[in-house]
Structure formats: structure tokens, C-alpha cells
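Note that these values count all heavy atoms, side chains included, but never hydrogens, waters or copies made by symmetry.
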Protein chains: 2
Amino acid sequence: MPSQQVAIDRVFHALGDPTRRSIVEKLSSGPISVSRLAKPLEITLAAVVQHLRVLEESGLVRTEKIGRVRTCRIEPRGLTLAERWISERRSLWERRLDRLGQFLVEEDEGRS
Amino acid sequence: MPSQQVAIDRVFHALGDPTRRSIVEKLSSGPISVSRLAKPLEITLAAVVQHLRVLEESGLVRTEKIGRVRTCRIEPRGLTLAERWISERRSLWERRLDRLGQFLVEEDEGRS
DNA sequence: CCAATACTTAAGTGTCCGCTTGACAATCAA
DNA sequence: TTGATTGTCAAGCGGACACTTAAGTATTGG
């Protein structure tokens with residue numbers, strides 16, 4: 001299923017915006033309502049809601065509305081996805097360096 | 001120091017584009033020239049160069065020109081920055097859950 | 001020297017995106 | 001009920017951004 005790609009795409013796109021990252025930062029220290037989330041940010045509540053939509057669709061945030069208050073909390077799924085993508089690239093890159101290093105050592109040994 | 005924030009911003013912005021991520025993916029399995037990098041991508045070489053500029057400024061990629069060939073390789077600094085940002089959010093979030101869990105347990109013990 | 005290769009640079013274009021405004025809906029408190 | 005709070009929806013604006021085209025530079029092989 002190629003939808004993993006889509007998911008990764010959504011996550012990184014979501015994290016690409018500084019305002020959305022600051023929302024994630026805020027949320028990582030506890031759930032909070034939309035309006036309280038908007039307070040410290042110098043943009044409209046409507047804009048915050050739009051960001052939340054993106055964050056929710058990317059699996060970075062989960063929200064739940066009770067009464068007139070929508071409470072937002074962090075959803076680890078999205079972060080995990082991004083983290084895994086990065087560590088996969090890194091391990092590929094490190095494995096390559098290992099092979100290269102070993103090759104150089106072996107070549108040196110043979111040259112004695 | 002122009003703040004870690006700016007650097008983080010650049011990295012996540014760079015990773016926000018799917019083409020740039022695919023460049024990073026390609027590069028994580030070894031250095032390669034600009035034109036060979038462009039081959040499988042269905043965009044102009046000029047566009048690839050522009051992406052490379054962004055990637056280089058974000059510390060995700062390093063390039064070096066020898067003769068008429070510019071060779072691109074991955075630079076771990078950028079990835080590390082992104083990885084750390086994520087793991088910091090996660091650990092904050094997990095610590096919070098721990099405190100919450102402990103609170104619930106203690107409350108339950110007191111209620112016996 | 002000449003042609004091919006491998007970029008580089010600048011300018012223009014269309015699209016996406018973040019944001020605002022304004023009108024509306026739903027819930028709560030007095 | 002009335003007014004305040006909390007959020008929703010739709011439309012539109014302006015700028016950022018990915019991409020192309022086109023012309024130019026530098027390097028290399030024959």
C-alpha cells in the first residue's frame with residue numbers, strides 16, 4: 001500500500017510550518033482548548049483552526065469536542081512516522097560509511 | 001548565534017517538500033552528481049539545483065564541485081537537528097503521561 | 001579548436017498556502 | 001431569554017514557492 005508515502009508526506013508538510021510546530025510544542029506539555037491555544041499566537045482563531053485541521057489529518061494531533069470546547073492533544077502516531085523516516089535514512093547512510101570504512105581497512109591490509 | 005530556531009525551521013521546511021525528501025533518500029545511499037540525481041526525477045535540472053540550494057542551506061546536504069561536476073552527499077547535521085526536535089517533544093509528552101499515571105495510581109491507593 | 005557535457009543564473013508563471021474577514025451555529029451562564 | 005463564549009464555514013487576498021524557459025559559463029574529450 002503506497003499510502004504510507006502519503007502519510008509521511010502529510011506529516012512533513014504539517015511540520016514544515018513554524019506555527020504548526022509551535023502548536024505541537026505547546027501540545028506536548030498537555031491538552032488544551034482551541035482558544036487557549038490561539039491566545040499566545042498572534043493570528044486569528046480561524047487560522048489556528050485551519051492549522052489544527054492539517055495537524056489532525058497528518059496524525060500529529062487529535063481533537064475532541066465536548067460542549068462548545070474542542071480539546072486538542074498530541075497524537076504520537078505522526079511524530080513516530082517522521083522519526084522513523086529520519087532514522088531509516090540515517091541508518092542507511094551509516095551502513096554505507098561502515099562498508100566504506102571496512103573496504104579501506106581491508107585494502108590497506110592487503111597492501112602490506 | 002542566530003538561534004537554533006532558525007536552523008530547525010530551515011530543516012523542517014526543506015523536508016516539507018516531497019521532491020527534496022526523495023533527494024535525501026537517494027543521497028542516503030551514497031554521493032552522486034547533480035545530473036544523475038536529476039535523471040529519475042521528472043523535473044528540470046534547474047529545478048533540482050534550486051532544491052539542492054535549499055537542502056544545502058538547511059544543513060541536510062553538502063555539495064562539492066570538482067571540475068564541471070558537482071557531487072552531492074548527505075550531511076547528518078540537518079537530520080540530527082530534526083530528530084532531536086521530535087524526540088524532545090516526545091519525551092516531554094511521555095513524561096507528562098508518566099506523571100498523570102502516577103497521580104492516578106496514588107489517588108487509587110489513597111482511596112482503599 | 002570544437003562540440004559536448006555539466007551545471008548556473010535570471011526572469012517569468014501558475015498554484016498552493018497561510019491568513020483575514022465576516023457571517024453563522026452551538027453552548028453556557030446569569 | 002439574553003448575552004457572552006467558543007468554535008465553524010466560506011470566500012477572497014497576497015505572497016511564497018516549485019517549476020520552466022532561455023541564455024550563459026566552465027570544463028572536458030576528441
Side-chain angles (χ1 to χ4, degrees), chain A residues 5-27 30-75 78 82, chain B residues 5-27 30-73 78 82:
Chain A
Q5 279 305 325
V6 180
I8 300 243
D9 200 4
R10 274 204 264 260
V11 170
F12 276 108
H13 171 249
L15 291 177
D17 181 81
T19 304
R20 281 193 292 263
R21 276 200 314 283
S22 80
I23 290 179
V24 170
E25 285 177 356
K26 182 72 178 181
L27 255 43
I32 194 176
S33 76
V34 176
S35 47
R36 299 195 54 160
L37 199 53
K39 265 290 173 32
L41 305 174
E42 45 193 21
I43 53 176
T44 313
L45 197 151
V48 173
V49 170
Q50 287 167 11
H51 282 305
L52 282 171
R53 208 172 114 75
V54 174
L55 286 167
E56 205 165 0
E57 285 173 349
S58 74
L60 282 161
V61 161
R62 181 166 46 101
T63 78
E64 179 192 16
K65 189 163 187 176
I66 298 179
R68 59 181 167 177
V69 171
R70 178 173 297 276
T71 301
C72 315
R73 65 193 68 233
I74 219 174
E75 162 76 46
Chain B
Q5 281 305 326
V6 180
I8 300 241
D9 201 3
R10 274 204 263 260
V11 171
F12 276 108
H13 171 250
L15 290 177
D17 181 82
T19 303
R20 280 193 294 263
R21 275 201 314 282
S22 80
I23 289 179
V24 170
E25 285 178 356
K26 182 73 176 179
L27 255 42
I32 195 176
S33 76
V34 175
S35 47
R36 300 197 57 173
L37 200 51
K39 264 289 172 34
L41 305 172
E42 44 194 21
I43 53 177
T44 314
L45 197 151
V48 173
V49 171
Q50 287 166 14
H51 281 306
L52 282 171
R53 207 171 113 74
V54 174
L55 286 167
E56 205 165 0
E57 285 173 349
S58 73
L60 281 161
V61 161
R62 180 165 47 101
T63 79
E64 180 192 15
K65 189 161 187 176
I66 298 179
R68 60 183 167 178
V69 170
R70 178 172 296 276
T71 301
C72 315
R73 65 193 70 233

Distance-only donor-acceptor hits, side chain of residues 37-45 of chain B, under 3.5 Å, sequence neighbours excluded:
none

side-chain contact (heavy atoms from CB on, under 4.5 Å) against [X], all qualifying residues, sequence neighbours excluded:
| X | value |
| --- | --- |
| A:R53 | A:E57 |
| A:T63 | A:E56, A:V61, A:R70, A:C72 |
| B:R20 | B:H13, B:A14, B:D17, B:H51, B:V54, B:L55 |
| A:E75 | A:R62, A:R77 |

Which distance, rounded to the nearest 0.5 Å, do you find between the CG of A:L60 and the CD1 of A:I74?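 It is 7.5 Å, given to the nearest 0.5 Å.
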
How far does CZ of A:R68 sit from OG of A:S33, to the nearest 0.5 angstrom? 11.0 Å

B:I23 side chain reached by B:L52 side chain, heavy atoms, under 4.5 Å: yes

Note, B:V34 side chain near B:V49 side chain (heavy atom, < 4.5 Å): yes

Nearest-angstrom distance from the residue atom [atom1] of [X] to [atom2] of [N]:
| X | N | atom1 | atom2 | value |
| --- | --- | --- | --- | --- |
| B:E64 | C:dA6 | CD | P | 17 Å |
| B:R53 | D:dC19 | CZ | P | 16 Å |
| B:L52 | C:dT8 | CG | P | 9 Å |
| A:L45 | C:dA25 | CG | P | 18 Å |

In chain order, what residues pass the salt bridge (charged side-chain N to carboxylate O under 4.0 Å, His left out) check against A:R21, with sequence neighbours excluded? B:D9

Scan residues 32-43 of chain A against DNA chain C and write down, sorted by residue number, each residue with any heavy atom closer than 4.0 Å; if none is found, say none.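 The stretch gives A:I43 as the residues lying under 4.0 Å from the strand, ordered by number.
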
DNA chain C-proximal residues of residues 9-22 of chain A, any heavy atom under 4.0 Å: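 Listed by number, they are A:H13, A:D17, A:T19, A:R20.
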
Within the structure, does a side-chain N or O atom of A:H51 lie under 4.0 Å from either OP1 or OP2 of C:dC19? yes

Spell out protein contact along nucleotides 21-30 of chain D as letters: B when the base is contacted, S when just the sugar-phosphate is, - when no protein heavy atom is under 4.0 Å; keep the 5' to 3' order. B-----BS--

